[in-house]
Amino acid sequence: GQQLNQSPQSMFIQEGEDVSMNCTSSSIFNTWLWYKQDPGEGPVLLIALYKAGELTSNGRLTAQFGITRKDSFLNISASIPSDVGIYFCAGVNAGNNRKLIWGLGTSLAVNP
Amino acid sequence: SAVISQKPSRDICQRGTSLTIQCQVDSQVTMMFWYRQQPGQSLTLIATANQGSEATYESGFVIDKFPISRPNLTFSTLTVSNMSPEDSSIYLCSAGALAGSTDTQYFGPGTRLTVL
């Protein structure tokens, strides 16, 4: 099935550093969602974006819905050890009957 | 948001048997979905659970193998039938189309299934 291009695939950073990851698509999306998944848990919604150009923050996390509606990024500022996990982007495009299309995930490791 | 629970959280099953996974949402929701996730991979949609009608399956998934029930707006079950080791995976349910967030989905904690 269709998947989003998510990068980077993995990151290993020092505590306190900022992190940026992004997702791109060849088609237009109406909604972009960012999730975090810890081992043994289900994905937890971090940020939801519904309009082109929208910039939304959730604590140290900031995400933007690209103006072309074909991309989105997630930034994490001042990373801490509990930021470790896998981050997934997901989107809904027009006419997809509310089914999510997923990126392959970005695995984040933080060195204390 | 919605709080979603799943039972069982994990199970180890014998080849050829079936397992039914339950998903309970703390509020009425329009959409419920079932996913499969292999270790280290992204989520794959199995089907959309429709209240009062047959589930809508994605390509590669069939009702005989993954029968789904959705008797009301807060509950759904997924059965993994005639299991084989290839069915070992994490199974996740999600709820979507909550008021004010039509496309957002919230996930349960998952059921980790191992088939011997």
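Letters go in sequence order (proteins before strands), and every chain restarts at 1.
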Visitor: Counting only heavy atoms not in B/R10, do more than 12 sit closer than 6.0 Å to its CZ atom?
Guide: no

Visitor: Which atoms form the tightest heavy-atom contact between B/Q105 and A/L33, and what is the distance?
Guide: N-CD1, 4.3 Å

Visitor: Find out if a path of hydrophobic residues (ILVMFWY) with successive side-chain heavy-atom gaps under 4.5 Å connects B/F33 to B/I46.
Guide: no

Visitor: Using non-hydrogen atoms and a 4.5 Å limit, figure out which bit of B/Q6 sits close to chain A: side chain, backbone, both or neither.
Guide: neither

Visitor: Measure across A/F88 and B/Q37 and return the closest heavy-atom pair with its distance rounded to 0.1 Å.
Guide: CZ-NE2, 3.8 Å

Visitor: Could you look at B/L43 and say if it's the side chain, the backbone, both or neither that has a heavy atom under 4.5 Å from chain A?
Guide: both

Visitor: I'd like to know if B/Y57 and B/L78 are part of one continuous hydrophobic network [Ile/Leu/Val/Met/Phe/Trp/Tyr, side-chain heavy atoms within less than 4.5 Å].
Guide: yes

Visitor: Do A/M11 and A/I76 sit in one hydrophobic cluster, given that two such residues count as connected whenever their side-chain heavy atoms are within less than 4.5 Å of each other, even indirectly?
Guide: yes

Visitor: Tell me, with the steps shown, if B/F107 and A/V44 meet side-chain contact (heavy atoms from CB on, under 4.5 Å).
Guide: CA-CA 7 Å; B/F107 284 84; A/V44 174; over 6 Å; no

Visitor: Working to the nearest 0.5 angstrom, can you tell me the gap between B/S42 OG and A/L4 CG?
Guide: 8.5 Å

Visitor: Decide whether B/W34 and B/M31 are clustered together by the hydrophobic rule: side chain heavy atoms of Ile, Leu, Val, Met, Phe, Trp, Tyr closer than 4.5 Å, transitively.
Guide: no

Visitor: Pick one of side chain, backbone, both or neither for A/Q37, based on which atoms fall under 4.5 Å of a heavy atom in chain B.
Guide: side chain

Visitor: For residues 102-112 of chain A, give me every residue with a non-hydrogen atom less than 4.5 Å from any non-hydrogen atom of chain B.
Guide: A/W102, A/G103, A/L104

Visitor: At what distance, to the nearest 0.5 angstrom, does OG1 of B/T104 lie from CG of A/L49?
Guide: 9.5 Å

Visitor: Hydrophobic clusters here meaning ILVMFWY residues chained together by side-chain heavy-atom distances under 4.5 Å, can you tell me if A/L100 and B/V25 are in one?
Guide: yes

Visitor: How many angstroms lie between OH in A/Y35 and OG in B/S94, if you round to the nearest 0.5 Å?
Guide: 7.0 Å

Visitor: Within the supplied structure, the quantity of interest is the number of heavy atoms (other residues, nucleotides, ligands) at a distance under 6.0 Å from A/Q9 CD; does it exceed 12?
Guide: no

